[in-house]
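So you know, we letter chains A, B, ... as the sequences are listed, proteins then strands, and number each from 1. All heavy atoms count here, side chains included; hydrogens, waters and symmetry mates do not.
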Amino acid sequence: MMIWGCRLLAPRLTTAVYPSFIKGYARCIYQYDASNELLCGNNLTAPSISYWNKLLKEHTRVNQMQSAQKLFDEMPDRDAVSWNTMLAGFSNFKQTDKVYQYYQMSFQCGLRPTAFTISIVITSVLGTKFNVLIPQLHAYVVSSPLSALSVYVGSALLRGYTDIGDVSALGRVFDEIRVKDVSSWNALVFGYMTLGLQSEALRAFKSMPDKNIISWTTLVDAYVKNKDIKRARDIFDQMVERNVVSWTVMISGYAQNGKFLDAMELFLIMLRTAHQVRPNSCTYSSMFDACADESSFIVGMQLHSRVIKSGLAQDDVILSTSILDMYAKCGNIDSAYKLFESMAKKNLVSWNSLLGGYARHGLGTRALQEFKRMKENGIKPDQVTLLTLLSACTHEGLVEEGVQLYESMGTEFGIEIGMKHYACMVNLYGKAGQLEKAVKVIQEMPFKPDVVVWGALLGACGSHSSLQLGELAALGISNLKKDHPAIYSLLSKIHGEKGTWTTVCELRKLMNDRGARKQNAGSWVESIA
DNA sequence: ATAGGGTTAG
């Protein structure tokens with residue numbers, strides 16, 4: 001049984017290919033055979049290229065890209081489908097550079113892209129720096145035998161131009177599509193909406209010959225992304241049928257815009273009225289996001305029990321992490337930790353969420369401990385990790401540890417230091433009263449300081465009563481944002497502490513004259529009760 | 001045999 005596949009293929013392969021084939025693929029073919037009839041009943045006939053392509057597809061499907069590459073190299077012949085299968089595999093698993101590399105290789109091998117090739121390549125460059133290639137790919141298609149756009153290439157191109165923000169290209173591409181279908185229309189509406197042309201989008205939406213659930217959901221989502229929740233809900237209410245995605249888009253729209261109660265209400269309406277629709281992991285994830293935002297621990301816990309019963313989180317890193325994040329943000333760091341420990345799979349985001357929980361709870365030392373464990377587990381930190389750790393150090397006054405992390409960012413972890421990291425360092429030094437060092441960070445950073453950076457310094461000068469540096473920070477802020485109320489409050493606080501009351505009065509008067517008003521303070525505890 | 005359009009975590 002074990003040698004099933006090998007026995008079948010062995011006589012048909014050249015001696016050069018045979019040994020490495022056996023070594024590399026015997027196991028895969030056996031597994032493939034177990035779940036598929038492909039190799040059965042096909043006694044001793046030479047495997048056709050379409051057989052090889054199916055095998056190749058099977059490897060790419062389960063993200064066995066390395067063995068897929070090996071198989072691709074060693075199979076007796078490759079046609080356009082083989083190349084496209086490889087491209088699609090790389091594309092599905094976000095290996096854009098590989099897509100580009102194989103695309104170029106296919107040219108060198110004398111192949112010309114098919115419509116399949118073009119749509120795969122376009123899709124794979126979306127959201128990457130390779131998206132500059134989109135107009136070139138378009139130009140290639142137009143000048144090739146493919147010139148009239150198929151629906152596939154057409155919708156892919158529409159997504160592409162949306163991605164690079166070229167509004168004027170949308171209409172042009174749409175006209176070039178030979179036979180437009182719902183998908184092409186949907187891509188057009190999505191493009192207009194995403195690029196902020198609401199009326200164009202609506203016009204296109206209304207002139208669509210057919211609309212499906214996706215068309216409606218696209219529009220709802222687009223309004224959500226433009227933060228126009230009312231209109232989103234309006235469209236949502238007009239839908240004649242809705243599926244999980246439609247509900248989830250609307251619910252996550254409320255969640256992302258801080259409307260916890262609306263999200264909750266809609267979630268309940270879904271459970272009560274849409275009996276054929278079951279919440280999936282995206283739906284729950286959005287709800288946990290809303291709970292975390294509102295610190296709604298009780299609801300979060302109830303939703304967690306629903307998830308446990310559903311078994312959805314069993315194997316889902318994203319969902320589990322959103323629950324973990326909910327616990328951490330609702331102030332229950334112990335539950336967050338327990339959940340983290342129970343997770344079968346963890347990724348960088350899960351670790352960041354846990355570290356963020358410790359940071360928020362002021363447990364800097366604990367955060368650093370977990371960070372050590374994270375590195376021991378072979379997880380590489382990113383900018384978010386470092387930002388979280390720096391803020392954790394700030395809360396507990398761990399200046400030395402923070403500085404050490406900051407200095408190792410580029411050298412040890414290869415992470416670019418961003419504006420937020422500098423702001424964190426200013427905060428770290430500032431809170432610890434080392435104001436000169438805080439200023440030094442500002443002077444040496446490669447960006448023009450923003451309001452957050454100056455604000456960190458100003459705040460520190462407030463708590464450590466440094467007038468001179470406080471004025472420097474205030475000047476920095478007012479250069480960026482005139483009459484920011486924090487300037488007046490902090491400066492008069494410092495002056496008050498120094499006893500220069502005349503200046504305090506002058507500042508108050510100046511503030512009144514300019515109409516700068518102190519920002520309203522509110523109790524965070526009250527708002528969740 | 002290979003492709004396009006709507007949702008999710010820090």
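One atom, CG of A:Asp382, and another, P of B:dA9, lie 16 Å apart when rounded to the nearest Å. The distance from atom CD1 of A:Ile251 to atom P of B:dA9 is 14 Å, rounded to the nearest whole Å. If you measure from atom CE of A:Met326 to atom P of B:dG10, you get 13 Å, rounded to the nearest angstrom. A:Ile318 has its CD1 atom 6 Å from the C1' atom of B:dT8, to the nearest Å. With rounding to whole Å, A:Met374 atom CE is found 16 Å from B:dG10 atom P. Rounded to an integer number of Å, the gap from CG of A:Leu354 to P of B:dG10 is 14 Å. Residue A:Met86 contributes atom CE, which lies 15 Å from atom C1' of B:dA1 at whole-angstrom precision. Nucleotide B:dG10 holds its C1' atom 14 Å from the CG atom of A:Leu386, rounded to whole Å.
If you check residues 361-373 of chain A against DNA chain B, you find no residue with a heavy atom closer than 4.0 Å. Of the residues in residues 130-143 of chain A, not one places a heavy atom less than 4.0 Å from an atom of DNA chain B. Listed by residue number, there are no residues of residues 234-241 of chain A with a heavy-atom contact under 4.0 Å to DNA chain B.
With a 6.0 Å cutoff to the six-membered ring centre and a 45° limit on the axis angle, A:Arg306 does not count as a cation-pi contact of A:Tyr284.
Within 4.0 Å of A:Asp289, counting heavy atoms only, lie sugar-phosphate atoms of the nucleic acid but no base atom. Among the atoms of the strands shown, base atoms are found under 4.0 Å from some heavy atom of A:Leu348. Backbone-only engagement by A:Asp325 is indicated by non-hydrogen atom pairs under 4.0 Å involving sugar-phosphate atoms exclusively.
The salt bridge (charged side-chain N to carboxylate O under 4.0 Å, His left out) pairs that include a residue from residues 236-250 of chain A are A:Arg233-A:Asp237, where partners are two or more places apart or lie in different chains. Listed by first then second residue, pairs satisfying ring pair (Phe, Tyr, Trp, His ring centres under 6.0 Å) with a partner in residues 360-394 of chain A read A:Phe371-A:Phe413, not counting sequence neighbours.
Residues satisfying the ring pair (Phe, Tyr, Trp, His ring centres under 6.0 Å) criterion with A:His395, sequence neighbours excluded, are absent altogether. With sequence neighbours left out, A:Phe260 forms a ring pair (Phe, Tyr, Trp, His ring centres under 6.0 Å) with no residue at all. Partners of A:Tyr254 according to the ring pair (Phe, Tyr, Trp, His ring centres under 6.0 Å) rule, which considers only residues two or more places apart in sequence or in another chain, do not exist here. Under the side-chain hydrogen bond (donor to acceptor under 3.5 Å, both in side chains) criterion, A:Asp316 pairs with A:Ser281, sequence neighbours left out.
No side-chain donor from either of A:Asn131 and A:Thr128 sits under 3.5 Å from a side-chain acceptor of the other. Between the side chains of A:Asn280 and A:Thr283, at least one donor N or O lies within less than 3.5 Å of an accepting N or O.
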Could you tabulate the donor-acceptor pairs under 3.5 Å formed by side-chain atoms of residues 342-352 of chain A, not counting sequence neighbours?
| from | atom 1 | to | atom 2 | distance (Å) |
| --- | --- | --- | --- | --- |
| A:Ser342 | OG | A:Leu339 | O | 2.7 |
| A:Lys346 | NZ | A:Met343 | O | 3.3 |
| A:Asn347 | OD1 | A:Val349 | N | 3.0 |
| A:Asn347 | OD1 | A:Ser350 | N | 3.0 |
| A:Asn347 | OD1 | A:Ser350 | OG | 2.9 |
| A:Ser350 | OG | A:Thr321 | OG1 | 3.1 |
| A:Ser350 | OG | A:Asn347 | N | 3.0 |
| A:Ser350 | OG | A:Asn347 | O | 3.3 |
| A:Asn352 | OD1 | A:Thr385 | OG1 | 2.7 |
| A:Asn352 | ND2 | A:Asp382 | OD1 | 3.2 |

Using distance only, find each side-chain donor-acceptor pair of residues 101-112 of chain A under 3.5 Å and give its atom names and separation, not counting sequence neighbours.
| from | atom 1 | to | atom 2 | distance (Å) |
| --- | --- | --- | --- | --- |
| A:Tyr102 | OH | A:Gln69 | OE1 | 3.2 |
| A:Gln104 | NE2 | A:Tyr100 | OH | 3.2 |
| A:Ser106 | OG | A:Tyr103 | O | 2.7 |

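A:Cys330 approaches A:Cys291 most closely through the heavy-atom pair SG-O, 3.8 Å. The nearest pair of heavy atoms linking A:Thr365 to A:Leu398 is N-CD1, 3.8 Å.
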Quiz prompt | Base versus backbone protein contacts along nucleotides 2-7 of chain B [heavy-atom cut-off under 4.0 Å; B, S, -] | solution = BBBBBB
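Aromatic ring centroids of A:Trp216 and A:Phe236 lie 6.0 Å or more apart.
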